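Worksheet: one structure, shown below.
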Amino acid sequence: MTKAGPKYFPTAGHLLVCQGQSCQARGSQLLYQALWQALDREHLAYYKAGGQVRLTGSGCLGACSFGPTVCVYRERAGALEQGWYAAMDFSQALALAHAVQEEADLPAEHRYGPTPQGTAQGTP
Ligand code: FES
C-alpha cells in the first residue's frame, strides 16, 4: 500500500510579495495580509473552487529602495513569464492577481524588468 502524497493544486501563476526589511518599512506586511484576504474573499486563491493564484511572502527581491516589491511567475504560451513590480499598493497588487486569474496580460503600471517581448523596461 502506498502512502498518499501532498495534494497538488494547479494554478495560473504565483505572486511573491517581498517581506524584507525595506519593503516592510513601506507597508509590505499589510499589503501581503490584505492581498491574502482579498484572494480568499474573491475566490482567487488556489485552494478555492476555481481559484488560480498562489501568493507567498518572500525575502528580499532586490529592489529595496522602491518597495513594496512584488513579482509574479506564470506559464504563458508555453513559456515562463515573469513580471516585476515596484511601489505596489493594494489595488495594484489585486489587479495583478486578477490578471493572473484571468490569464490576461500583466498590468504595465509600476512594472520594471523584462517584458513579454524579452526587452528590459524601466528601473525600479
Ligand atoms: S527588502 Fe524588498 S526588495 Fe529588498
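Position 1 is the first residue of the sequence, and the numbers go up from there. If you're wondering where the values come from, they're calculated on a predicted model, not measured in any experiment. Whatever order the structure lists them in is the order used to number ligands and atoms, beginning at 1.
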May I ask you to check whether C64 brings an N, O or S atom to under 2.8 Å from atom 4 (Fe) of ligand 1?
yes
With a cut-off of 2.8 Å, does C60 put an N/O/S atom close enough to atom 4 (Fe) of ligand 1?
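Of the N, O and S atoms in C60, at least one lies under 2.8 Å from atom 4 (Fe) of ligand 1, which means yes.
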Within the 4.5 Å heavy-atom criterion, are L44 and H98 side-chain neighbours or not?
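They are in side-chain contact.
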Are L35 and L15 packed together at the side-chain level, in the sense that at least one heavy-atom pair is separated by less than 4.5 angstrom?
yes
Under 4.0 Å to a heavy atom of [X] - the qualifying atoms of ligand 1, by number:
{"X": "G20", "value": "1 (S)"}
{"X": "C18", "value": "1 (S), 2 (Fe), 3 (S)"}
{"X": "T69", "value": "3 (S)"}
{"X": "S22", "value": "1 (S)"}

Any link between [X] and [Y] through a network of hydrophobic side chains (Ile, Leu, Val, Met, Phe, Trp, Tyr) touching at under 4.5 Å?
{"X": "Y85", "Y": "Y73", "result": "no"}
{"X": "L80", "Y": "V53", "result": "no"}
{"X": "L55", "Y": "L61", "result": "no"}

Are the side chain of H110 and the backbone of A86 linked by a donor-acceptor contact shorter than 3.5 Å?
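Confirmed, H110 side chain pairs with A86 backbone.
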Examine the proximity of ligand 1 to C23 and report which part, side chain or backbone, both or neither, has a heavy atom under 4.0 Å away.
both
Applying a strict 4.0 Å limit to heavy atoms, is A63 in contact with ligand 1?
yes
